[in-house]
Amino acid sequence: MNEVKSHNFLEEIIEEDLKAGKYQSIVTRFPPEPNGYLHIGHATSICLNFGLTARYGGYTNLRFDDTNPVTEETEFVDSIKADIKWLGFEWKYELYASDYFATLYEYAHILINKGLAYVDDLTSEEIAQLKGTPVDPGKDSPFRDRSIDENCRLFEKMKDGEYPDGSKTLRAKIDMKHPNMLMRDPLLYRIKHAHHHRTGDAWCIYPMYDFAHGQSDSIEQITHSICTLEFIPHRELYDWLIEKLEIYPSHQYEFARRNLSYTVMSKRKLMQLVNDGYVNGWDDPRMPTISGMRRRGFTPASIRNFCERIGIAKRENIIDFSLLEFFLREDLNNTALRVMAVLDPVKLIITNYEDEKTEELTCENGPDEAYGTRQISFCKELWIEREDFMEEPAKKWFRLAPGASVRLKSAYIVRCDNFQKDENGNLETIYCTYFPETRSGLDNGTMKVKGTIHWVSVEHAIKAEVRMYDRLFKVENPSSEDGDFKDYINPDSLQILNAFIEPSLKKAAVVDRYQFLRKGYFCLDEKSTSENLVFNRTVTLKDAWAKEVKR
Ligand code: ATP
Ligand code: MG
């Protein structure tokens, strides 16, 4: 990875603005619509907006774009705030576009009084019919030339609830032949007799996105209003409205939305996964939501590093999911405590070890000495991984096999003498001899082995449920495939194992991060209880998918 941070195009624009004395400091905003949980795409926008003001001075607002009364809920507002804080950012003001409804209503009157807006009685179908196409000009509505007085009166009546939904709209009077379709008398207000999560039943007319967003930016004196590329055609209208209203000139800038392979990122699609039961809620650890990733064990630093170091682009692209995992491993490798857990256990009995004996062996806790050591109990009967034994060993097999020796991590070298299978032919017990002089730390190096495996003591280990996650989709870009994106769900994205883990993990807290030696990075699940310990695999130690491609 390139450690030297290069400038992105927004930083260049801002530096020029500051140098030219256009602004003393900058103001940005993060404007989520509270109609779902935040995902990793939003994290990109959050890191960008908050990162810019941290770098150049100024502040960032959190503004809920809650102009659509039907879809928004308080649950989403709360989760959005929690997610931004968890990512490590602090907004200056918590604001709601709905707080500006009265101001926006006055702005609408300003346009009407300037002859720049009119009340239209056409239905939405009729409006669409007259709109034209990118190559054909549109046609004027028969209501376009109403007098200013009539428009004022009708707009007030719209507000007073005298008309049913859809019967009238307020439109800007621009140009039905404009080459930019969005400039062909765009809708500013529609009638919707609906309850709003904050304003209740105070309003039955609601501003459209284009008549709320730029105006909210202007009210808050946002200097750099950053949005994704699909809003490029909206910029002309954004500027037109600010100019005609003669309000603070915020400016809109666009960057490419973040797309990640093997997942979907629209709230609408994520909502379907939740509602149709493909995942267990918005915070399912397989979801690309911030809450899902948090539960999975992602750290805020890993997400911030990903967003900052991948940067932003002016053109759409798909970033490989493994790049996100790269930043996650990078962070976890430096911080995770090393512990032993056996995920698919098989019993190993040391025949020459005393029956009742327990030894306390010293084990290192972390990636370096600063993390200290802990004692773990060693006994005659141990659990080891089933996959660490091969009855007929392959070439270069350095783990257990009949007659082969291996080191038990932080303990002794053992040699396999025998093994036993159950009635179904499954391996049940491995019998070994241990060599007392090979104890870790005391070993004089006379006996050499190439493999080291992890283990836990049968008597001391505790049981835990371990959830192994894989990608949620089988294909890179489920949204671009034929048919429904849900047809491409990976049926094996969750595997539940009954594991034996070392007793120190009884004290695990949700914020702790662990490396289960040789098995990957894990964390305690938020819903784990002391009766039913649950650990989530955050990520494997290496990129298993990369290997598969090479094979
Ligand atoms: P979705 O399609 O997932 O619902 P949205 O754009 O409708 O996304 P908003 O709540 O309106 O979601 O977005 C809040 C902010 O986050 C906007 O400024 C938007 O541009 C940005 N954003 C949303 N998705 C992405 C993404 N994938 N990459 C970068 N920024 C994003
Ligand atoms: Mg949106």
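Ligands are counted one by one from 1 in listed order, and the atoms in each one are counted from 1 as well. What you are looking at is a predicted structure, and each value in this text was computed from that prediction instead of being measured.
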Nitrogen or oxygen of Ala256 less than 3.5 angstrom from that of ligand 1: no

N/O separation below 3.5 Å, Arg258 to ligand 1: yes

Proximal candidate to atom 31 (C) of ligand 1 [heavy atom criterion; set Pro31, Ser266, Ser225, Gly41]: Gly41

Close aromatic pair by centroid cut-off 6.0 Å: Tyr488 and Phe473: no

Sub-4.0 Å atoms of ligand 1 with respect to non-hydrogen atoms of Pro32: 10 (O), 14 (C)

His39 and ligand 1 - part of the residue with a heavy-atom distance under 4.0 Å: side chain

Below 3.5 Å, can you tabulate the donor-acceptor pairs from side chains in residues 103-111 to any protein atom, sequence neighbours excluded?
residue	atom	partner	partner atom	Å
Tyr105	OH	His109	NE2	3.2

Option with minimal heavy-atom separation from atom 5 (P) of ligand 1, where the choices are Glu316, Arg63, Met265, Lys267: Lys267

Pair Lys92-Glu220, salt bridge (charged side-chain N to carboxylate O under 4.0 Å, His left out): steps then yes or no: CA-CA 11 Å; Lys92 174 89 168 180; Glu220 294 170 22; over 6 Å; no

Phe30 and Phe89: CA distance, side-chain angles, deciding distance, ring-ring contact (aromatic ring centres under 6.0 Å, His included) verdict: CA-CA 11 Å; Phe30 174 65; Phe89 297 107; 9.9 Å; no

Phe255 near ligand 1 by a heavy-atom separation under 4.0 Å: yes

Atoms of ligand 1 close to Glu33 [distance to a heavy atom under 4.0 angstrom, numbered from 1]: 9 (P), 10 (O), 11 (O)

Counterpart residues, ring pair (Phe, Tyr, Trp, His ring centres under 6.0 Å), relative to His234 (two or more places apart): Phe231

Over 12 non-hydrogen atoms of neighbours within 6.0 angstrom of CD in Glu90: no

N or O contact, Arg29 vs ligand 1, cut-off under 3.5 Å: no

Heavy-atom donor-acceptor pair, Asp17 side chain to Lys22 backbone, under 3.5 Å: no

Minimal non-hydrogen separation, Asp66 against Phe101, with atom names: O-CZ, 4.2 Å

Nitrogen or oxygen atoms of Glu230 and ligand 1 under 3.5 Å apart: no

Ligand 1 to His42 polar contact by distance, N or O atoms, under 3.5 Å: yes

